[in-house]
Trainee: 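Handing you a structure now.
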Amino acid sequence: QVQVVEFGGGSVQDGGSLKLSCTASGSIMDFSAMGWYRQSHGKERELVADVISGGLTRYADSVKGRFTVSRDYDRNTVYLQMNSLKPEDTATYYCHADSLDLSGTHRYWGQGTQVTVSS
């Protein structure tokens, strides 16, 4: 069993900042990748940013230069620092943690945390 729990959502004004955190725990000690997706009303879930194998980071074009993803491997925690927030960043943000075994990749999701940016 793996639990993925997000913290840090909320409401901010246009141009504001928020920091999300997410911790994975349970029967698995090592995760090959952790990161963030988001989903807004009527849209598909999309990648925001993640940290994949080797510590490489990936960002959606829409957040490059504004968001920073980082990971604490000892704590199985991933962070998302969001600056210069825009109303279009409003969404439910979901954390994921991926594990690898002989059968392949397994992705675990958090319950989501709401981020609302008002103009």
Trainee: To the closest 0.5 Å, what do you measure between CE (M82) and CZ (R38)?
Mentor: 9.0 Å

Trainee: Testing the 3.5 Å rule here: is there a donor-acceptor pair between the side chains of S17 and N83?
Mentor: yes

Trainee: Between the side chains of R66 and D89, is the shortest nitrogen-to-carboxylate-oxygen separation below 4.0 Å, so that they form an ion pair?
Mentor: yes

Trainee: Pairing donors with acceptors under 3.5 angstrom, does anything connect the side chains of Q114 and T92?
Mentor: yes

Trainee: By ring pair (Phe, Tyr, Trp, His ring centres under 6.0 Å), which residues pair with Y59, not counting sequence neighbours?
Mentor: none

Trainee: Would you say the side-chain atoms of D101 pair up with the backbone N or O of S103, donor to acceptor, closer than 3.5 Å?
Mentor: yes

Trainee: Ignoring hydrogens and angles, tell me if any N or O in the side chain of S27 forms a donor-acceptor pair with the backbone of Q1 under 3.5 Å.
Mentor: yes

Trainee: Check for me whether the distance between the ring centres of H96 and Y108 falls short of 6.0 Å.
Mentor: no

Trainee: Run the side chain to side chain contact (heavy atoms under 4.5 Å, CB included) check on E6 and Q111 step by step: do they pass?
Mentor: CA-CA 7 Å; E6 303 105 334; Q111 78 286 356; 2.9 Å; yes

Trainee: For T90 versus S40, what's the shortest heavy-atom pair and its separation?
Mentor: O-CB, 3.6 Å

Trainee: Using a 3.5 Å distance criterion without hydrogens, assess whether the side chain of T57 forms a donor-acceptor pair with backbone atoms of V51.
Mentor: no

Trainee: Are the side chains of C22 and V4 in touch, meaning some heavy atoms are under 4.5 Å apart?
Mentor: yes

Trainee: Are L20 and Y37 in one and the same hydrophobic cluster, where Ile, Leu, Val, Met, Phe, Trp and Tyr link if side-chain heavy atoms are under 4.5 Å apart?
Mentor: no

Trainee: Once rounded to the nearest 0.5 Å, what's the spacing between atom OG of S99 and atom CD1 of I28?
Mentor: 3.5 Å

Trainee: Could you walk me through whether L80 and T68 pass the side chain to side chain contact (heavy atoms under 4.5 Å, CB included) test, one step at a time?
Mentor: CA-CA 6 Å; L80 185 67; T68 302; over 6 Å; no

Trainee: Could you give me the CA-CA distance, side-chain angles and deciding distance for Q81 and S70, then say whether side chain to side chain contact (heavy atoms under 4.5 Å, CB included) is met?
Mentor: CA-CA 8 Å; Q81 177 66 48; S70 59; over 6 Å; no

Trainee: More than 12 foreign heavy atoms under 6.0 Å from CD of E88: is that the case here?
Mentor: yes

Trainee: Y93 and Q39: side chain to side chain contact (heavy atoms under 4.5 Å, CB included), yes or no, with the steps?
Mentor: CA-CA 7 Å; Y93 284 68; Q39 187 169 21; over 6 Å; no

Trainee: Check whether Y94 forms a cation-pi arrangement with R45 (NZ or CZ under 6.0 Å from the six-membered ring centre, at most 45° off the ring normal).
Mentor: yes

Trainee: If I take atom CE from residue M34 and atom OH from residue Y73, how far apart are they, to the nearest 0.5 angstrom?
Mentor: 10.0 Å

Trainee: Is the count of non-hydrogen atoms from other residues, nucleotides or ligands lying under 6.0 Å from R75 atom CZ greater than 12?
Mentor: no

Trainee: Is there a side-chain contact between V69 and Y79 in this structure, where contact means two heavy atoms from C-beta onward sitting under 4.5 Å apart?
Mentor: no

